[in-house]
Each structure stands twice: as structure tokens, then as C-alpha cells.
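For the numbers below, each heavy atom of this structure counts, side chains included, while hydrogens, waters and symmetry mates do not.
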Amino acid sequence: MVGLIQSGHFFFASNQDLGAIEISTFLSLVLLGVSLSQGYTYFNRNGGDRLGLKLLVSLLLLMEVFHSFTASHTIYFETVTRSNRGEANSYQLSTNVLTENIITFIVQCFFSHRIYRLSRKLPLSTLSFIFTLLRFVGGIALSVESILDVPRTPNGVFVFTFSWLVTSALSAGVAADLLIAASMVYYLRKMASPTNLQS
């Protein structure tokens, strides 16, 4: 059954959109398995790490499990509980978006700090943190609007009202990810260079 919501240029066809959500959820469950195996390996091999780092890894693993649970519950809710009336938004999906935003913020903050520890250059780390903070603030605003949008009929239209915020938050996230990745590769490569090994 196809549910259709029309608002301006907004079309929600539940069978097509749920297919995309199902595929991404199944892929995220595979990645959850990878994360859990990495967590298992970390705790088996790095017993001497600081308690704070162990708690951070534990928190992220717990949040990843919750994120996968809410994604799976969204699939169940949309295909079984609410199968006869398709809507674009639900509390489960909104909670999933909020959880993802918090996980991304924690991870990007950790790596922004690692950039400072590797480079000892505060401006580079600060720029990375600013992009991370911009993404987080935008993501929280979208999460709040998403939760407030659920009881509306039709729901999901807020995405078009706040399309500028979606684009801005995602762009800040991409900028933070690129800066973090490039910095980490550069400074880790610099640490592994033959001149560094000889000194």
C-alpha cells in the first residue's frame, strides 16, 4: 500500500521511502556488528588505557546499540504497526536522528582533541571544533523540530521549511570530517616518516 502526502513539491510514497530506510538500516546493523567487534577487541587488548577513554568507548557502543534499536523499531513501526497509513515522520525516526547527532558530536570532538594532541596547533583543532559545534547545533535544532513535527498532519514538511538548516548542518559536518581526516593523515604520516624515526 502506498501512502501519499502532498505539500507543494513534497511527495512521500511510503513503499519507496521505506525501502531506502530498510536498506540503510540493514547496512547500519552490519556496521553495528563491526563496531561491537572493534569494541570487544579494544577491551581485550587495551586494558591499560585510562578509565575516561574506556567509558567513552562504552558510551559510544551503548549509543550505537540504541541507534540501531530505534532504526529497527522505525522499520517495524512503519511496516507493521502503521502499515495502512504512511507518514514521513515518527517519534522513533526523530529519536534516531537525535541519537545519531549526539554520537557524531562526541566522535568529532574526540578527534578534534586528537588533532591538537598530534599537532600542538590550537587554530587547526579550534577550526575543527567550530565546524563540529555548528553541525551539532544545527542537528539539535532539526531534531527538536522533527520531534515537534510528529503530531502534525501531514508531517515531514518541516524538511522543506528548514532545508537551509539541513544543508548548513550537513555542510559543516562534511567540513569537520574532511579537516579531521586530512589532519589525522598528515600528522600520523609525519610521525611515521623516516626522519622522525631517526631522531
Side-chain angles (χ1 to χ4, degrees), residues 20-72 74 93 95-143 164-199:
I21 292 173
E22 284 181 7
I23 290 170
S24 62
T25 299
F26 295 143
L27 289 175
S28 76
L29 289 173
V30 170
L31 293 176
L32 174 66
V34 171
S35 296
L36 290 175
S37 68
Q38 285 180 335
Y40 177 79
T41 303
Y42 168 77
F43 284 111
N44 277 338
R45 293 188 181 170
N46 299 318
D49 277 353
R50 294 173 297 152
L51 179 63
L53 192 56
K54 289 179 183 178
L55 290 174
L56 179 66
V57 171
S58 299
L59 173 68
L60 287 172
L61 287 174
L62 184 67
M63 290 186 73
E64 284 291 347
V65 168
F66 181 72
H67 180 265
S68 294
F69 171 77
T70 57
S72 299
T74 299
L93 185 60
T95 304
N96 189 273
V97 171
L98 179 64
T99 306
E100 179 274 331
N101 191 50
I102 294 169
I103 291 169
T104 302
F105 178 70
I106 293 170
V107 170
Q108 287 181 335
C109 282
F110 175 79
F111 281 109
S112 294
H113 177 68
R114 297 307 294 172
I115 290 172
Y116 175 71
R117 297 280 307 265
L118 289 172
S119 69
R120 295 290 180 203
K121 293 182 180 174
L122 192 58
L124 189 60
S125 180
T126 303
L127 183 61
S128 172
F129 180 73
I130 288 171
F131 285 134
T132 298
L133 191 61
L134 288 172
R135 187 212 184 276
F136 180 69
V137 169
I140 290 295
L142 287 169
S143 297
W164 63 272
L165 185 57
V166 173
T167 304
S168 300
L170 291 175
S171 298
V174 167
D177 284 338
L178 289 175
L179 183 59
I180 288 168
S183 300
M184 294 294 286
V185 167
Y186 175 77
Y187 288 108
L188 289 173
R189 180 75 180 134
K190 189 175 176 183
M191 287 175 59
S193 70
T195 55
N196 190 32
L197 295 176
Q198 293 174 356
S199 58

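- Minimum interatomic distance between S28 and S68 (heavy atoms only, all atoms of both residues): O-OG, 4.3 Å.
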Item to check | From CA spacing to verdict: side chain to side chain contact (heavy atoms under 4.5 Å, CB included), V57, F43 | outcome: CA-CA 9 Å; V57 171; F43 284 111; 3.8 Å; yes
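- When the shell of 6.0 Å around CZ of F105 is examined, it contains more than 12 heavy atoms from other residues, nucleotides or ligands.
- Among R114, R120, K121, R117, the one residue that satisfies the side chain to side chain contact (heavy atoms under 4.5 Å, CB included) test with Y187 is K121.
- S125 contributes a side-chain N or O that, together with a main-chain N or O of S112, makes up a donor-acceptor pair within less than 3.5 Å.
- Annotation for V97 and S143: closest pair CG1-OG, 3.8 Å, computed over non-hydrogen atoms.
- The main-chain N or O of I180 is never found under 3.5 Å from a side-chain atom of S183 such that the two would form a donor-acceptor pair.
- Minimum interatomic distance between A172 and L134 (heavy atoms only, all atoms of both residues): CB-CB, 3.9 Å.
- Looking only at atom types and distance, the side chain of T104 has a donor-acceptor partner in the side chain of E100 under 3.5 Å away.
- Pairing each heavy atom of N96 with each of H67, the nearest pair is ND2-O, 2.8 Å.
- Distance CH2/W164 to OG1/T167: 10.0 Å, rounded to 0.5 Å.
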Checklist entry - Could you walk me through whether Y42 and K54 pass the side chain to side chain contact (heavy atoms under 4.5 Å, CB included) check? => result CA-CA 9 Å; Y42 168 77; K54 289 179 183 178; 3.8 Å; yes
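- Minimum interatomic distance between N101 and G139 (heavy atoms only, all atoms of both residues): ND2-C, 3.4 Å.
- No donor-acceptor distance shorter than 3.5 angstrom exists from the side chain of S168 to the backbone of L165, with no hydrogens or angles considered.
- In this structure, CZ on R135 lies 8.0 Å from CG on D177, to the nearest 0.5 angstrom.
- Between L124 and L179, some side-chain heavy-atom pair lies under the 4.5 Å cut-off.
- Interatomic distance, CD1 of I103 versus CG of L62, reported as 9.5 Å (0.5 Å rounding).
- Atom CG in L32 sits 9.5 Å away from atom OG in S37 (nearest 0.5 Å).
- At most 12 heavy atoms of other shown residues, nucleotides or ligands fall within 6.0 angstrom of atom OH in Y40.
- Separating the OG atom in S119 from the CE atom in M191 is a distance of 11.5 Å, to the nearest 0.5 Å.
- Side-chain atoms of L98 and I140, non-hydrogen and from C-beta on, do get closer than 4.5 Å to each other.
- For the pair I106/L59, a side-chain contact is recorded, criterion being any heavy-atom separation below 4.5 Å from C-beta on.
- Taken to the nearest 0.5 Å, the OG1 atom of T41 stands 10.5 Å off from the CG atom of L36.
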Next on the checklist: With side chain to side chain contact (heavy atoms under 4.5 Å, CB included) as the criterion, how do F111 and V107 come out once you've worked through the C-alpha distance, each side chain's angles and the decisive distance to 0.1 Å?
Outcome noted: CA-CA 6 Å; F111 281 109; V107 170; 3.8 Å; yes
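- Looking at heavy atoms from C-beta onward, L53 lies in side-chain contact with F110 at the 4.5 angstrom threshold.
- When every heavy atom of M63 is checked against every heavy atom of T99, the shortest pair comes out as O-CG2, 3.7 Å.
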